[in-house]
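What you see is a predicted model, and the numbers here were worked out from it, not measured in a lab. Within every chain, numbering begins at 1; the chains are lettered A, B, ... in the order of the sequence lines, protein sequences first and strands thereafter.
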Amino acid sequence: MPDENPSARTSPRVRFAPSPTGFLHVGSARTFIFNWLYARHNHGTMVLRIDDTDVERNTEASVQSIFDGLRWLGLNWDEEYRQSERLALHRKAAEAIFARGLAYRDFTPAHADDEHPSGVQGAWLFNPGMREMSREESDRRAAAGERFALRYRVPRGSGAAAARTLRFADGVYGEQTKPADEVEDFALLRSDGMPTYHLASCFDDADLGISHIIRGQDHLTNTFKHLLIFEALGVAIPNFSMPQFAHLPLLVAPDGSKLSKRKHGPVVSVTTYRDAGFLPQAFINFLCLLGWSPKNDREYLTLEELVGLFSLEGVNRANAVINFTEEVPFDDKAVWLNAEHIRALPVEELAQELEPIFKQAGFNAPREKVLAVTPLIRERIKLLREAVAAADFLFVDELAPYDPAELIPQKGDAAMARRVLETAKEVLAVASFDHDSLDKALRAAAAQLGLKAGQAFQPIRVAVCGRKNAPPLFETLVVLGREACLKRIGQALEKSASLG
RNA sequence: GUCCCCGUCGUCUAGGCCGGCCUAGGACACCGCCCUUUCACGGCGAUAACACGGGUUCAAAUCCCGUCGGGGACGCCA
């Protein structure tokens with residue numbers, strides 16, 4: 001079959017274009033992930049472009065922190081650009097638009113930051129006197145060194161003639177239209193000669209052949225401006241075709257407001273999740289479920305499954321709130337998913353994640369030991385960091401002080417605790433240290449003492465772990481080894497003396 | 001203020017485009033029970049929502065209008 005529409009056949013090119021004004025924001029991360037998923041699902045190309053045209057606000061530290069976040073996610077990109085390196089291209093594009101009469105110079109002094117340009121009367125459209133200024137006067141003033149911004153001359157209806165209607169089909173929000181009359185004469189170049197976001201972003205998207213622009217819904221109304229820029233730019237770019245747009249619902253805070261670094265603090269930074277012990281695949285899984293659904297009730301999804309399932313049709317239109325409070329900084333569902341992903345990890349891989357964390361906590365944690373400890377805590381931690389508190393007694397030489405009363409079993413007394421510990425000491429001195437042997441020996445000892453297993457095990461558990469809530473007893477004893485067990489039971493016996 | 005978007009359990013969502021299968025499904029969280037040597041895992045169960053008002057229709061969460069609520073855009077920020 002002949003290929004009638006070659007452009008529809010070429011693989012999609014998508015981009016993620018963060019501006020380096022802070023750390024990588026969870027909302028940005030989700031935008032990145034959706035773009036990445038779209039690219040991988042459709043065998044397309046993922047472009048990373050650092051939108052650093054705002055020299056005032058951009059910092060190199062921020063660029064690094066964005067890379068930190070992206071590297072942690074582990075999703076690779078195929079091409080990488082820096083907008084600041086393409087400045088000359090942007091200026092040339094602006095000049096070309098001006099030369100064609102599609103833009104004009106605006107000599108109005110820039111607004112101060114606190115001045116809101118849109119009055120209470122309605123939307124601001126353009127500054128009086130500038131749009132109509134003759135080319136001669138404009139040239140003369142520019143030549144005289146007067147500063148100006150370059151504004152796009154948005155087509156407007158004149159007299160009885162209605163303005164044209166701008167339209168595009170959004171991949172998520174559907175058909176969008178707006179009369180050009182309602183679009184303000186936005187700036188292309190600032191009075192310092194720097195391109196604005198709108199110009200730089202559209203030029204690069206067109207020049208880099210981006211086929212699908214997937215971004216936050218806060219750009220939905222900006223898209224009408226972008227349509228105009230693309231139109232003006234397109235004529236100079238061979239084989240240009242208008243990109244498809246898809247806007248993503250916003251991620252909002254529990255109070256419904258837009259997530260912001262300033263207002264909500266570190267919980268909006270992806271490195272906070274990393275440092276708290278989230279697995280990147282769990283974090284990705286969680287973010288995907290915010291504003292997107294595979295529509296088959298599945299929630300725990302691996303990266304491969306996400307790639308296979310992802311489509312723009314599954315994207316929701318309503319904003320999604322990401323739940324957090326000061327006491328509980330992470331969304332319950334994110335934590336649950338993380339626990340699921342932790343349990344799904346093979347022991348060797350989980351051990352590998354845990355090893356640096358144990359070492360950081362100051363534990364003597366050789367590989368073999370971590371490998372032995374991991375199965376004991378795998379089902380007891382929801383965040384990797386919790387492994388430290390869950391397994392500390394398996395690493396330290398001396399147990400942290402605990403209340404001797406903990407040694408007393410249910411429906412028992414101090415004497416019973418001591419009897420159990422004495423017996424355990426004898427049994428463990430000779431028993432072979434593997435799960436089944438210990439199970440057999442200790443159960444037999446309990447029976448001999450006339451106690452229920454649970455009653456007999458509690459003093460031993462507390463003696464060995466220093467607390468009541470701990471992993472299963474026999475596995476714990478095995479990992480700890482005979483020497484440590486006997487020593488701790490001996491210490492417990494001493495402690496129990498104070499119980500009278 | 002103007003324009004745009006959105007509104008299903010506390011939260012994430014399915015269902016909505018193609019009205020009846022929805023006495024609205026799933027998940028997290030919460031509560032209860034079971035399993036069990038503690039904790040955890042696992043299993044089972046319970047509570048919980050179509051923002052409101054009109055209309056269209058034999059029939060509306062689903063279509064239409066309005067109201068209210070939330071959000072976004074309106075910068076020489078991105």
Side-chain angles (χ1 to χ4, degrees), chain A residues 17-21 51-54 56-58 106 108-111 113 115-125 147-151 170 173-174 176-179 182-184 186-198 200-201 216-225 247 249-250 252 254 256-258 286 289-300 316-323 328 331-337 339 343 377-382 390 409-410 439 442-443 446 452-458 460-462 465 467-474:
Chain A
S19 57
T21 57
D51 275 9
D52 54 353
T53 51
D54 185 359
E56 308 269 293
R57 303 200 310 160
N58 295 159
D106 183 344
T108 312
H111 275 286
D113 277 354
E115 263 180 87
H116 197 68
S118 49
V120 276
Q121 318 294 36
W124 170 90
L125 290 176
R147 288 162 74 84
F148 61 86
L150 193 69
R151 286 189 186 282
D170 190 86
Y173 289 90
Q176 304 292 315
T177 61
K178 185 174 199 145
E182 291 171 13
V183 177
E184 76 278 8
F186 53 89
L188 259 20
L189 245 32
R190 305 191 231 165
S191 50
D192 60 3
M194 292 296 283
T196 62
Y197 158 76
H198 298 300
S201 171
Q217 194 236 45
D218 44 352
H219 283 299
L220 194 62
T221 48
N222 280 336
T223 305
F224 296 105
K225 296 169 201 164
H247 289 86
L250 264 22
V252 298
S257 65
K258 196 175 164 179
F286 169 65
L289 262 19
L290 257 24
W292 174 80
S293 160
K295 302 194 189 295
N296 59 183
D297 286 344
R298 297 205 45 201
E299 311 239 313
Y300 169 84
N316 208 308
R317 283 168 301 277
N319 289 169
V321 354
I322 166 163
N323 242 326
V328 187
D331 194 298
D332 283 327
K333 197 152 198 168
V335 173
W336 170 75
L337 276 170
R343 281 177 229 128
I377 57 170
R378 184 155 71 155
E379 274 151 17
R380 292 173 177 74
I381 58 171
K382 292 178 189 294
Q410 278 290 302
D439 185 326
L442 256 14
R443 276 185 203 281
K452 289 200 208 169
Q455 276 180 309
F457 295 166
Q458 159 126 337
I460 306 174
R461 177 180 297 110
V462 173
C465 304
R467 57 169 174 255
K468 286 180 182 166
N469 299 346
L473 186 58
F474 311 129

Inset, instruction - Mind checking ring pair (Phe, Tyr, Trp, His ring centres under 6.0 Å) for A:Phe457 and listing every partner two or more places apart, or none if nothing turns up? - result: A:Phe474
Inset, instruction - For A:Glu184 and B:U2, give me the distance from atom CD to atom P, rounded to whole Å. - result: 17 Å
Inset, instruction - Pick the P atom in B:U13 and in B:A59, then give their distance to the nearest Å. - result: 33 Å
Inset, instruction - Could you measure between the two P atoms, the one in B:C63 and the one in B:G15, and give it in whole Å? - result: 13 Å
Legend entry - Span that lies between the P atom of B:U62 and that of B:U8, in whole angstrom: 13 Å
Inset, instruction - Any chance you could measure A:Thr108, atom OG1, to A:Arg151, atom CZ, to the nearest 0.5 Å? - result: 7.0 Å
Legend entry - Sugar-phosphate, base or nothing in reach of A:Leu473, heavy atoms under 4.0 Å: base
Inset, instruction - Identify the nucleotide, in any strand shown, that forms a Watson-Crick or G-U wobble pair with B:A27, with both distances under 3.5 Å; if there is none, say none. - result: B:U11
Inset, instruction - Check the distance between B:U13's P and A:Tyr300's OH and give it to me in whole angstrom. - result: 21 Å
Legend entry - C1' gap between B:C50 and B:C33, integer Å: 31 Å
Inset, instruction - Answer whether the closest heavy-atom distance between the side chains of A:Asp218 and A:Leu250 falls below 4.5 Å. - result: yes
Inset, instruction - With heavy atoms under 4.0 Å as the rule, sort A:Gly291 into base, sugar-phosphate or nothing. - result: sugar-phosphate
Inset, instruction - Please confirm whether the backbone N or O of A:Gly291 pairs with a side-chain atom of A:Asn316, one donor and one acceptor, at under 3.5 Å? - result: no
Inset, instruction - Indicate yes or no: at least one non-hydrogen side-chain atom of A:Gln217 is less than 4.5 angstrom from one of A:Arg317. - result: no
Legend entry - Euclidean distance for P, B:C58 against B:G71 (whole angstrom): 41 Å
Inset, instruction - Could you please name the partner base of B:U57, counting Watson-Crick and G-U wobble pairs only when both distances are under 3.5 Å? - result: none
Inset, instruction - Under a 3.5 Å limit for both distances, which nucleotide forms a Watson-Crick or G-U wobble pair with B:A46, could you say? - result: none
Inset, instruction - Please confirm whether the backbone N or O of A:Tyr300 pairs with a side-chain atom of A:Arg298, one donor and one acceptor, at under 3.5 Å? - result: yes
Inset, instruction - Report the nucleotide, chosen from B:U38, B:C76, B:A78, that has the shortest atom-to-atom distance to any side-chain atom of A:Asn222. - result: B:A78
Legend entry - Protein proximity profile, nucleotides 22-30 of chain B - base contact B, sugar-phosphate-only contact S, no contact -, cut-off 4.0 Å on heavy atoms: ---BBBSS-
Inset, instruction - Return the nearest nucleotide to the side chain of A:His198; candidates are B:C5, B:A78, B:G42. - result: B:A78
Inset, instruction - Would you kindly give the CZ-to-C1' distance between A:Phe457 and B:U38, to the nearest whole Å? - result: 11 Å
Legend entry - Between B:A29 and B:C12 - P atom distance, rounded Å: 16 Å
